Amino acid sequence: MVKESKKVSKKISDYLDIGFLQMLQDNCSKAMGLAFVTVDYRGCPITHYSGFTPYCKLGRKHESFFEMCKQCDAHGGLQAAITGQPYIYQCHAGLVDFALPLICDGIYMGSLMGGQIRLRKDEKEELELILPVKTDWRKDKALDEAYHETQTVSYEKIKSAVTLLHDLILLMMQNSGQVDQALERAGIEPMEWKPCPNTEFSFQKRELTSIKQQGKLRYFFFVMNVISRLAFQEKAAKTEAVAYDFADIMRYVTESDHEISTLGEELSYAGALLRIQKAWVGDALRYNISVPKEYWGANCPYMVLEPLVGLAVQGCEAGEVREIEILAEENQGDVVIQVVSDNEKISIEEMAAQLGGLPQEEGFSLYDSDRNLKRIFGKRYGLSVGPREDGRAGTMVCFRLPQEKKG
């Protein structure tokens with residue numbers, strides 16, 4: 001039973017840093033192949049959309065279709081709030097969705113909404129229909145094709161993903177609340193997790209340090225270890241590899257308590273992201289990381305590569321073939337990193353506009369990477385975007401790093 005609070009109304013951001021939640025949501029989407037968005041108790045999104053399918057993006061452009069989407073989301077979140085348990089259901093468009101209630105200290109904060117997948121045809125699980133399934137949209141050829149390209153999974157896999165995420169996020173929220181209560185008992189005002197003016201990323205390093213100290217992710221890594229062991233026993237090699245890569249991604253995301261990493265750490269993170277993406281899309285993604293080990297020790301801003309890699313592979317989930325190469329060379333005492341892609345979906349002009357600080361739909365942006373490079377190393381170390389040097393279609397994004405001098 002959800003109870004009313006006699007204190008000041010609490011929000012999800014009082015328990016979880018939204019930037020960290022966004023990162024967790026984005027990475028879970030890439031690893032699990034599910035769409036996510038977190039909403040507050042009023043149903044308003046507090047994160048950007050992660051991994052929304054082409055089918056849902058296309059359908060929501062139609063007013064009547066989108067209106068029914070909102071009704072399904074509202075009902076799913078409400079049902080989860082009433083029961084206090086994850087709620088899995090079928091939406092009006094024939095997809096499986098779910099709502100994970102975020103409740104702490106008996107107070108309903110909001111929900112993590114996700115899904116946008118289809119059950120396998122041999123599944124007999126009967127899910128509640130929030131609204132009658134409409135089929136008028138099938139007259140739209142593009143929508144019908146996009147629907148049939150939506151992934152199909154077993155109900156057990158959906159249930160496992162829902163249980164894992166729900167337990168993980170609630171564990172993190174509860175531990176954060178315990179920290180605040182301890183501070184209050186000691187007569188100390190709990191810290192407010194506001195953006196730090198000297199930090200360009202939206203999450204707080206203090207929150208990440210607290211996560212390590214409180215052991216909030218021990219449960220997560222325990223579960224990932226169980227998944228990898230089960231995959232090994234079942235000879236599911238791809239699932240086992242993805243589990244290890246995803247655990248490495250989360251370890252890097254949550255255990256970094258500084259704004260400077262090394263180029264090697266960034267390349268390892270990018271490699272894990274690309275391996276997970278390739279496990280999902282297969283031959284639609286081809287990539288090569290060719291950076292000599294002698295450069296791996298160079299200092300590098302944290303998360304500088306994520307938006308570059310993200311833009312380079314954009315579209316491969318829809319079946320479009322993408323090739324990406326990450327290279328490095330010496331130039332005037334610096335290491336020059338090149339991210340080369342054949343992606344023609346985004347133009348050089350659009351990428352240049354992102355460097356100007358235009359708002360992005362989700363995750364880190366080129367603007368973040370560019371500004372942090374300049375802030376840490378100087379103006380000459382920002383991003384540059386342009387055409388590929390080999391004359392082929394696509395783009396090349398470059399940035400410099402001061403080369404580590406060996407004594």
Side-chain angles (χ1 to χ4, degrees), residues 1-3 10-12 15-16 21-22 24-29 31-47 49-53 56 69-120 123-131 150-177 216-217 219-220 222-224 226-227 230 246 250:
M1 177 70 70
V2 177
K3 66 183 180 184
K10 291 279 189 176
K11 306 183 295 293
I12 294 174
Y15 293 86
L16 288 175
L21 179 60
Q22 181 74 60
L24 174 68
Q25 187 179 283
D26 290 343
N27 286 329
C28 284
S29 174
M32 298 177 177
L34 302 173
F36 294 105
V37 65
T38 304
V39 300
D40 63 17
Y41 68 93
R42 296 167 298 183
C44 300
I46 61 170
T47 62
Y49 298 134
S50 301
F52 264 40
T53 63
C56 290
C69 289
K70 289 190 287 187
Q71 289 182 43
C72 289
D73 288 346
H75 182 89
L78 178 62
Q79 187 67 22
I82 292 171
T83 63
Q85 296 297 321
Y87 179 55
I88 305 174
Y89 58 93
Q90 188 171 0
C91 77
H92 74 96
L95 299 184
V96 176
D97 286 335
F98 53 80
L100 311 183
L102 304 181
I103 299 172
C104 199
D105 298 329
I107 304 168
Y108 174 67
M109 307 289 179
S111 295
L112 176 67
M113 314 293 293
Q116 298 187 4
I117 44 184
R118 291 185 294 156
L119 280 182
R120 292 192 319 216
E123 290 282 346
K124 296 180 180 180
E125 190 70 34
E126 291 188 6
L127 299 177
E128 181 180 351
L129 282 172
I130 288 184
L131 293 174
T150 305
Q151 70 153 326
T152 58
V153 298
S154 69
Y155 178 75
E156 283 304 313
K157 285 193 175 182
I158 299 172
K159 192 174 179 181
S160 297
V162 167
T163 302
L164 170 63
L165 284 170
H166 189 238
D167 289 351
L168 172 61
I169 293 177
L170 283 186
L171 180 69
M172 292 165 59
M173 290 179 70
Q174 289 164 3
N175 282 349
S176 178
K216 292 181 182 179
L217 292 179
Y219 180 78
F220 169 79
F222 169 75
V223 173
M224 292 306 296
V226 171
I227 291 174
L230 288 174
F246 185 46
M250 291 306 301

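The structure presented is a predicted model; accordingly, all values stated were derived computationally and were not measured.
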Where [X] and [Y] come nearest, the two heavy atoms and their spacing:
X: S29; Y: G51; result: OG-CA, 3.3 Å
X: C28; Y: F246; result: SG-CZ, 3.6 Å
X: K159; Y: I88; result: CA-CD1, 4.3 Å
X: D97; Y: C91; result: OD2-CB, 3.6 Å
X: A81; Y: P101; result: N-CB, 4.4 Å

Could you state the interatomic distance from [atom1] ([X]) to [atom2] ([Y]), rounded to the nearest 0.5 Å?
X: E156; Y: R120; atom1: CD; atom2: CZ; answer: 10.0 Å
X: T163; Y: F98; atom1: OG1; atom2: CZ; answer: 10.0 Å
X: L95; Y: T152; atom1: CG; atom2: OG1; answer: 11.5 Å
X: I158; Y: R118; atom1: CD1; atom2: CZ; answer: 11.5 Å
X: L119; Y: Y155; atom1: CG; atom2: OH; answer: 8.5 Å
X: I46; Y: Q22; atom1: CD1; atom2: CD; answer: 9.5 Å

Compile the donor-acceptor pairs under 3.5 Å between side chains in residues 32-40 and protein atoms, sequence neighbours left out, one pair per line.
residue : atom : partner : partner atom : Å
T38     : OG1  : Q25     : OE1          : 2.9
D40     : OD1  : R42     : N            : 2.9
D40     : OD1  : G43     : N            : 3.1
D40     : OD1  : C44     : N            : 3.0
D40     : OD2  : R42     : NE           : 3.4
D40     : OD2  : R42     : NH2          : 2.9

Practice problem: Sequence neighbours left out, what passes side-chain hydrogen bond (donor to acceptor under 3.5 Å, both in side chains) with T53? Give chain and number order. | Solution: Q116

Quiz item: Hey, does the side chain of T83 reach the backbone of Q85 with a donor-acceptor pair shorter than 3.5 angstrom?
Solution: yes

Self-check item: Minimum side-chain heavy-atom gap L100-L165 below 4.5 Å
Solution: yes

Quiz item: So do the side chains of I82 and Y87 get within less than 4.5 Å of each other, counting heavy atoms only?
Solution: no

